[in-house]
Enquirer: 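Before I ask anything, here is the structure I am working with.
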Amino acid sequence: MSGAQDQLEIKFRLTDGTDIGPRNFPVATSVATLKENIIAQWPKEKENGPRTVKDIKLISAGRILENNRTVGECRSPLCDIPGGVTTMHVVVQPPSMEKERKLPSDPKQNKCVCVIL
């Protein structure tokens, strides 16, 4: 009986409504390990897949999960039904964010010019 409590059945819901899983994970599994698992199982036909763990945000019970926490620490007693499947939402950071961060650091592009005719 305690073996079932040491495992958590999780499925990952992607933004388009499709799922990865469900799979059983030990409660001692880190959130970073879950993200690595998502990258490995990401559907090949989907565009804009995550490249690294930092590209993914996992949301469970309305909270963004931190990489250094374990699944057992993150689960919500209100949302987890014994024997049920926990759904975690997957959000992938768009790659264009890197370009937007670089623009403000370049002082040449932030010039204001006034012309009086």
Enquirer: Rounded at 0.5 Å granularity, tell me how far OG in S30 sits from CG in N67.
Expert: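 It comes to 7.5 Å.
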Enquirer: Can you give me the closest heavy-atom contact between T70 and A28, atom names plus distance?
Expert: CG2-O, 3.7 Å
Enquirer: To the nearest 0.5 Å, what is the distance between CE on M88 and CG on L8?
Expert: 6.5 Å
Enquirer: Answer whether the closest heavy-atom distance between the side chains of E66 and V31 falls below 4.5 Å.
Expert: no
Enquirer: To the nearest 0.5 Å, what is the distance between CZ on F12 and OG1 on T86?
Expert: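 Rounded to the nearest 0.5 Å, the CZ-OG1 separation comes out at 10.0 Å.
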Enquirer: Mind checking whether L14 and I64 sit in one hydrophobic cluster, side chains of I, L, V, M, F, W, Y counted as touching below 4.5 Å?
Expert: no
Enquirer: CD1 of I10 to OG1 of T29: how many Å apart, nearest 0.5 Å?
Expert: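 Reported value, rounded in 0.5 Å steps: 7.5 Å.
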Enquirer: Which residue, I56, V91, V90, forms the side-chain contact (heavy atoms from CB on, under 4.5 Å) with P50?
Expert: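 That would be I56; it is the only one of I56, V91, V90 passing the side-chain contact (heavy atoms from CB on, under 4.5 Å) with P50.
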Enquirer: Are any non-hydrogen side-chain atoms of L58 and I38 less than 4.5 angstrom apart?
Expert: yes
Enquirer: T87: what forms a side chain to side chain donor-acceptor pair (under 3.5 Å) with it, not counting sequence neighbours?
Expert: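 Per chain and number, T87 pairs via side chain to side chain donor-acceptor pair (under 3.5 Å) with no residue.
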Enquirer: Only counting residues at least two apart or in another chain, list the ones meeting side chain to side chain donor-acceptor pair (under 3.5 Å) with E73.
Expert: R69
Enquirer: As a quick check of understanding, evaluate side-chain contact (heavy atoms from CB on, under 4.5 Å) for T33 and F25, giving each step before the final call.
Expert: CA-CA 10 Å; T33 303; F25 293 94; over 6 Å; no
Enquirer: Is any side-chain heavy atom of P26 closer than 4.5 Å to a side-chain heavy atom of V71?
Expert: no
Enquirer: What is the distance from atom CD1 of I39 to atom CZ of R51, rounded to the nearest 0.5 Å?
Expert: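 Output value for this atom pair is 11.0 Å.
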Enquirer: Which residue pairs pass the salt bridge (charged side-chain N to carboxylate O under 4.0 Å, His left out) test when at least one of the two sits in residues 14-25, sequence neighbours left out?
Expert: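 Those involving residues 14-25 are K11-D19, R13-D19, D16-K46.
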Enquirer: Would you give the length of the straight line joining atom NE2 of H89 to atom NZ of K57, rounded to the nearest 0.5 angstrom?
Expert: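 H89 atom NE2 to K57 atom NZ measures 16.0 Å (nearest 0.5 Å).
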Enquirer: Is it the case that one hydrophobic cluster holds both I59 and V85, taking links as side-chain heavy atoms less than 4.5 Å apart, direct or via other members?
Expert: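 In one cluster: no.
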